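Reviewing the structure listed below.
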Amino acid sequence: MTMAFTRPRGTRDFLPEEMARRRYVEGVMREVFESFGYGEVQTPTFESLELITAKSGEDIRRHLYHFKDKAERDLALRPELTAPVMRLYINELKRSPKPVKVYYIGNCFRYEEPQSGRYREFWQAGVELIGPPHEEAEAEVVALAMATLERLGLEGFEVHIGHIGVLRRILEDGGVREEDQNPVMNAIDKGEEAALKGLLEKLQVPEESRSVLLTILELEGPSREVLGKARALLAGRTGVLEELERFERVLCALGFFGVEGYRVDLGIARGLDYYTGTVFEIYAPRLGAQKQICGGGSYSLTETLGGAPVPTCGFAFGFDRVLLALEAEGRKLGGDKGPKALVVPAGKDLLGEAIRVAASLRKSLPCEVDLMKRKLVKALGYADSRGIPLVVIIGEEELAKGCVLVRDMKTGAQRDVKVEDLGSIKVHE
RNA sequence: GCCGGGAUAGUUUAGUGGUAGAAUUGGGGACUGUGGAUCCCCUGGCUCGGGUUCGAUUCCCGGUCCCGGCCCCA
């Protein structure tokens, strides 16, 4: 035999059992998103390279799958879905009544070294909320992300909330223009202290602003405690305090949604350049290195993509990681989806009759015809190994009476059932 | 991009410088219409390329893929 083909590195095949779990989790996410009024959208798997690289940062660019099509267009497989969905908004939905609330579940592609919880093709599920300029909107997306995880039954997750507006305003007051802020935010996100200090020096940020920034980045803990310290630290800086107050209103609104138990972490900066205000990350600590299962916040992208400015916020789950986290907790994901009955011809020349019977049975019960033309013993063994609870035996004897034989695999009980009464048979648990 | 550890039937594995066994799965049979048992038969494999060698699945180098870590992200 010649060498078989293998999957491209970092991709996966999903077998029926795993697909059932994935579809179940997708279903729960859809349900929760829709219960908050979000509607599903889908965008192309590839987009123009320009759209993808706009404001997403150097780092994303390095990990892109990009190519030219036959007309020499530069295209890229999407590495995330926020920018494509914002493009869709600008193209199709900008005149829709506000708020515009959309969600998506789709595959994304990044050329990185695969490891546990990281693949070159992975799935994101997320929402974007467009229009409301108020703190309650930012709170809603945080609450929605948490509600989704709770509905899925995930127990071990941590929510960290921060505010990039506060950080950006400190820099602004220190004389750092917006385009120079992004490298600083990147250094913060990566936790590269030396690089950060170097940058601040290079940008000639005043000593005082510098120390305020470095101190505030360290603030992490329960909201009351952190906010108290931040307020004291920022005393007299009215611009920054305004941002802090915005943040406090978000946290206050979270209370309306019944959300608690999160931690405030002013050191969160996020890896993408387009974030502006509230930012949050959710971790499933038992996943280890790849523990981040969700990231989001408010951002500014529409202007960059050629649209009018509009307040936007949202989040994305790392779908595969959410699944891993649920499995790590031993959650049962979805019920049994297999056939409930196996229709078996007792004799090779009865397969046609079996197919006919199955066709009518299928109107009321998912069932499968045994197509192997094998002995009854083997067919029963097959039903057993697949866990199919009922076997419908098509035999000459019963057929003569207009009946088929229905066998309950669990109890071994059998009875004749008139062909026209098949609609009434059920699986007894 | 960097760093470890791997790769023998579909799966789990044994083993060897002279081209390989087992268990299990799958198909058939013993049992011509009754399962989860037993027995028998069949199908099926040394990741790829190069080097050393009379001879490489085995030793060496490289690729590919897998597992994991760093970086980063989801």
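For the numbers below, each heavy atom of this structure counts, side chains included, while hydrogens, waters and symmetry mates do not. Here is how names work: the chains are called A, B, and so on, in the same order as the sequence lines, proteins then strands, and each is numbered from 1. None of these values were measured; they are calculated from a predicted model.
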Rounded to whole Å, please give me the gap between [atom1] in [X] and [atom2] in [N].
| X | N | atom1 | atom2 | value |
| --- | --- | --- | --- | --- |
| A:Arg78 | B:rA74 | CZ | C1' | 14 Å |
| A:Arg120 | B:rU64 | CZ | C1' | 12 Å |
| A:Asp384 | B:rG26 | CG | P | 11 Å |
| A:Leu376 | B:rG36 | CG | C1' | 14 Å |
| A:Gln115 | B:rG6 | CD | P | 19 Å |
| A:Glu353 | B:rG33 | CD | C1' | 16 Å |
| A:Glu113 | B:rC72 | CD | P | 15 Å |
| A:Leu380 | B:rU34 | CG | C1' | 5 Å |

With a non-hydrogen cut-off below 4.0 angstrom, is [X] in contact with a base, only sugar-phosphate, or nothing?
| X | value |
| --- | --- |
| A:Gly10 | sugar-phosphate |
| A:Lys375 | sugar-phosphate |
| A:Gly395 | base |
| A:Tyr119 | base |
| A:Gly412 | base |

Q) With no angle test and no hydrogens, is the base of B:rG27 tied to the side chain of A:Arg374 by a donor-acceptor pair under 3.5 Å? A)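 Answer is no: no donor-acceptor pair is held.
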Q | Any donor-acceptor N/O pair under 3.5 Å between B:rC66 base and A:Arg9 side chain | A |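 Answer no: no donor N or O sits under 3.5 Å from an acceptor.
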Give a yes-or-no answer on whether the side chains of [X] and [Y] include a donor-acceptor pair shorter than 3.5 Å.
| X | Y | answer |
| --- | --- | --- |
| A:Glu128 | A:Tyr299 | yes |
| A:Gln290 | A:Gln115 | yes |
| A:Arg87 | A:Thr43 | no |

Q: Using a cut-off of strictly less than 4.0 Å, decide whether A:Ser116 has a side-chain nitrogen or oxygen near OP1 or OP2 of B:rG69.
A: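 Looking at the OP1 and OP2 atoms of B:rG69, one of them is under 4.0 Å from a side-chain N or O of A:Ser116.
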Q | Below 4.0 Å: OP1/OP2 of B:rC65 and any side-chain N or O of A:Arg7 | A |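 So the side chain of A:Arg7 is outside the cut-off, no N or O lying under 4.0 Å from OP1 or OP2 of B:rC65.
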**Q.** Basic-acidic side-chain contact under 4.0 Å: A:Glu17, A:Lys337
**A.**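 Judged by the 4.0 Å cut-off on N to carboxylate O distance, A:Glu17 and A:Lys337 do not form a salt bridge.
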Q) Does A:Arg30 come within less than 4.0 Å of A:Glu40, counting only side-chain N to carboxylate O? A)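 Salt bridge: yes.
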What integer number of Å spans the [atom1] atoms of [N] and [M]?
| N | M | atom1 | value |
| --- | --- | --- | --- |
| B:rA14 | B:rA20 | C1' | 10 Å |
| B:rU58 | B:rA9 | P | 14 Å |
| B:rU43 | B:rG29 | C1' | 15 Å |
| B:rU52 | B:rA56 | C1' | 10 Å |
| B:rG63 | B:rA74 | C1' | 30 Å |
| B:rC59 | B:rC3 | C1' | 25 Å |
| B:rC66 | B:rU11 | C1' | 15 Å |
| B:rG45 | B:rG21 | P | 14 Å |

(Q) Check the orientation of A:Phe317 and A:Phe33. Use parallel for under 30°, tilted for 30 to 60°, and perpendicular for over 60°. (A)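 Ring orientation of A:Phe317 relative to A:Phe33: parallel.
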